[in-house]
Amino acid sequence: MRNTAKITTAVLAAGALTLGLSACGAGKDASDTSGPLIVAASPVPHGEILNFVKDNLAKKEGLDLEVKEFTDYTSQNPATQDGSVGANYFQNKPYLDDYNKKNGTDIVPVVTVHLEPLGLYSRKAEKADDLKSGATVAVPNDTVNEARALKLLAAHGLITLKDGAGNEATPSDITKNPKNLKFKELEAAQTPRSLDDVDAAVVNGNYAIESDLEPSKDALVLESPKNNPYGNFLAVKKGQENDPRVKKLAKLLTSPEVKKFIQDKYADGSVLASF
């Protein structure tokens, strides 16, 4: 079933996380624009991109950048909202809109940097049409990514969703299912690990990278980057958009140097520059 308690749990966990960040960053206040800009990020690819900026571009721009990697992405918005970090880089607009609505928070996007195409993968089928009747497909269980996974399957004719099914779509919104597919809802990070146990799995781009999957070669079907609303962006608590450090980082994240880094580092198509 849908993991409706995940965000609440993450908020509670963020309390303890905040203490840890305060302790390890003694004297560093994320709201102090004269200090380093502390940015929360998922390790891959967000942390890799930020560390490229830190190591190669930030000094020349006069930016003191500190990257805090979070393996649990659900902790990053709470840390940004409470000021433990000055910004985060891990999410897309539908996910953020859902998060703000459910938590009464006011985190806002600053600049979109890249897209991680969602893909359908299988170790039992070479193409989507090969999936057998009654096949089990693993999908992410968080609100936005589950809907995104179902839209991917619908875009390729595997299912049909009812009119108006949006960013909260679930399997109950399926109106046609010619292959009688069964759905196994898992935490997004678990979907690639489920490939030995299910017939196919819809996997987020960052988790595909970590699992040595190459989207351009291994995915049975893949999201198109054209007019895609799921680009990942730098985000801050409302009111921090004009922080000069944030402006510097936004400029660097959309620089030709970063575009080339993304193209070279992720030549397998797992990450695509959005600018």
> Do Leu234 and Val39 have side-chain heavy atoms sitting under 4.5 Å apart?
Replying inline: yes

>> Please determine whether side chain to side chain contact (heavy atoms under 4.5 Å, CB included) holds for the pair Tyr89 and Ile49, giving the CA-CA distance in whole Å, both sets of side-chain angles, and the decisive distance to 0.1 Å.
In response: CA-CA 10 Å; Tyr89 174 31; Ile49 295 171; 3.4 Å; yes

>> Determine whether Thr191 and Val198 satisfy the following criterion, side chain to side chain contact (heavy atoms under 4.5 Å, CB included), listing intermediate values before the conclusion.
In response: CA-CA 10 Å; Thr191 54; Val198 298; over 6 Å; no

> Taking Asn177 for the side chain and Ile159 for the main chain, is one N or O donor matched with an acceptor at less than 3.5 Å?
Replying inline: no

> Do the side chain of Lys259 and the main chain of Phe275 share a donor and acceptor less than 3.5 angstrom apart?
Replying inline: yes

>> So, applying side chain to side chain donor-acceptor pair (under 3.5 Å) with His46, which one of Asn88, Asn51, Asn232 is it?
In response: Asn232

> With side chains defined as the heavy atoms from C-beta onward, is the minimum distance between Asn100 and Thr105 less than 4.5 Å?
Replying inline: yes

> Above 12 or not: heavy atoms from other molecules or residues under 6.0 Å from NZ of Lys124?
Replying inline: yes

>> Run the side chain to side chain contact (heavy atoms under 4.5 Å, CB included) test on Phe90 and Asn77 for me, step by step, so that the C-alpha distance in whole Å, both residues' side-chain angles and the decisive distance to 0.1 Å come before the verdict.
In response: CA-CA 9 Å; Phe90 79 97; Asn77 278 332; 3.6 Å; yes

> What are the two closest non-hydrogen atoms of Leu158 and Pro178, and how far apart are they?
Replying inline: O-CD, 3.6 Å

>> Distance check, rounded to the nearest 0.5 Å: Lys265 atom NZ versus Ile209 atom CD1?
In response: 9.0 Å

>> Please report the interatomic distance CD(Glu48) to CD(Glu69), rounded to the nearest 0.5 Å.
In response: 8.0 Å

> Distance-only, no hydrogens or angles: does the Thr80 side chain make a donor-acceptor pair with backbone N or O of Gln76 under 3.5 Å?
Replying inline: yes

> If you take all heavy atoms of Leu252 and Glu61, which pair is closest and at what distance?
Replying inline: CD1-CB, 4.0 Å

>> Return the CG to CG distance between Leu161 and Leu153, rounded to the nearest 0.5 Å.
In response: 8.5 Å

> Would you call the rings of Phe261 and Phe52 parallel, tilted or perpendicular if under 30° counts as parallel and over 60° as perpendicular?
Replying inline: parallel

> What is the distance from atom CG of Leu37 to atom CD of Glu66, rounded to the nearest 0.5 Å?
Replying inline: 9.5 Å

>> Looking at every heavy atom in both Gln240 and Val246, which two are closest together, and how far apart are they?
In response: O-CG2, 3.7 Å

> How close do Phe233 and Thr112 get, heavy atom to heavy atom, and via which atoms?
Replying inline: CB-CA, 3.6 Å

> Are Tyr230 and Val221 grouped together when hydrophobic residues (ILVMFWY) are joined by side-chain heavy atoms under 4.5 angstrom apart?
Replying inline: no

> Honestly curious: do Tyr121 and Leu131 fall in one hydrophobic cluster under the side-chain, below-4.5 Å linking rule?
Replying inline: no

>> Measuring from atom OG of Ser42 to atom CD of Glu210, what distance do you get when rounded to the nearest 0.5 angstrom?
In response: 8.0 Å

>> Looking at Ala79, is its backbone amide N or carbonyl O close enough to the side chain of Gln81 to form a donor-acceptor pair, meaning the two atoms are under 3.5 Å apart?
In response: no

> Would a 4.5 Å heavy-atom cut-off, applied to side chains only, mark Lys184 and Ser194 as touching?
Replying inline: no

> Closest heavy-atom contact between Pro171 and Leu150?
Replying inline: N-CD1, 3.6 Å

> When you check the side-chain N and O atoms of Lys102 and Thr143, is any donor under 3.5 Å from an acceptor?
Replying inline: yes

> Are Val44 and Leu118 grouped together when hydrophobic residues (ILVMFWY) are joined by side-chain heavy atoms under 4.5 angstrom apart?
Replying inline: no

> Counting only heavy atoms not in Asp55, do more than 12 sit closer than 6.0 Å to its CG atom?
Replying inline: yes

> Among Val53, Leu57, Ile38, which residue meets the side-chain contact (heavy atoms from CB on, under 4.5 Å) test with Leu65?
Replying inline: Val53

>> Looking at every heavy atom in both Gly231 and Leu115, which two are closest together, and how far apart are they?
In response: N-CD1, 4.1 Å

>> Is it the case that the side chain of Ser122 and the backbone of Asp199 share a donor-acceptor pair, with hydrogens and angles ignored and the cut-off at 3.5 Å?
In response: yes

> Are Val271 and Leu120 in one and the same hydrophobic cluster, where Ile, Leu, Val, Met, Phe, Trp and Tyr link if side-chain heavy atoms are under 4.5 Å apart?
Replying inline: no

> How long is the gap from NZ on Lys162 to CD1 on Ile174, to the nearest 0.5 Å?
Replying inline: 11.5 Å

> Do other residues, nucleotides or ligands put more than 12 heavy atoms under 6.0 Å from Lys179 NZ?
Replying inline: yes

> Are the side chain of Asp64 and the backbone of Gly35 linked by a donor-acceptor contact shorter than 3.5 Å?
Replying inline: no

>> I'd like to know whether NZ of Lys176 has more than 12 heavy-atom contacts from other residues, nucleotides or ligands below 6.0 angstrom.
In response: no

> Looking only at atom types and distance, does a side-chain atom of Glu146 sit under 3.5 Å from a main-chain N or O of Thr170, one as donor and one as acceptor?
Replying inline: no

> Testing Asn92, Leu96, Asp98 for side-chain contact (heavy atoms from CB on, under 4.5 Å) with Pro94, which one passes?
Replying inline: Asn92

>> Can a donor-acceptor pair be found, under 3.5 Å and without considering hydrogens, that links the side chain of Asn204 to the backbone of Asn206?
In response: no

> According to a 4.5 Å side-chain heavy-atom criterion applied to Ile, Leu, Val, Met, Phe, Trp and Tyr, with indirect links allowed, do Val202 and Tyr95 form part of one hydrophobic cluster?
Replying inline: no

>> Run Glu241 and Val236 through side chain to side chain contact (heavy atoms under 4.5 Å, CB included) and show every step you take.
In response: CA-CA 7 Å; Glu241 306 96 313; Val236 297; 4.0 Å; yes

>> If you apply the rule salt bridge (Lys or Arg N to Asp or Glu O under 4.0 Å), what do you find for Asp196 with Arg123, and how did you get there?
In response: CA-CA 7 Å; Asp196 288 331; Arg123 290 185 178 143; 2.9 Å; yes

>> Taking Pro36's backbone N and O only, do any of them form a donor-acceptor pair with Arg245's side chain (distance below 3.5 Å, no angle check)?
In response: yes

> Do side-chain atoms of Asp218 reach the backbone of Glu214 as a donor and acceptor pair under 3.5 angstrom?
Replying inline: yes

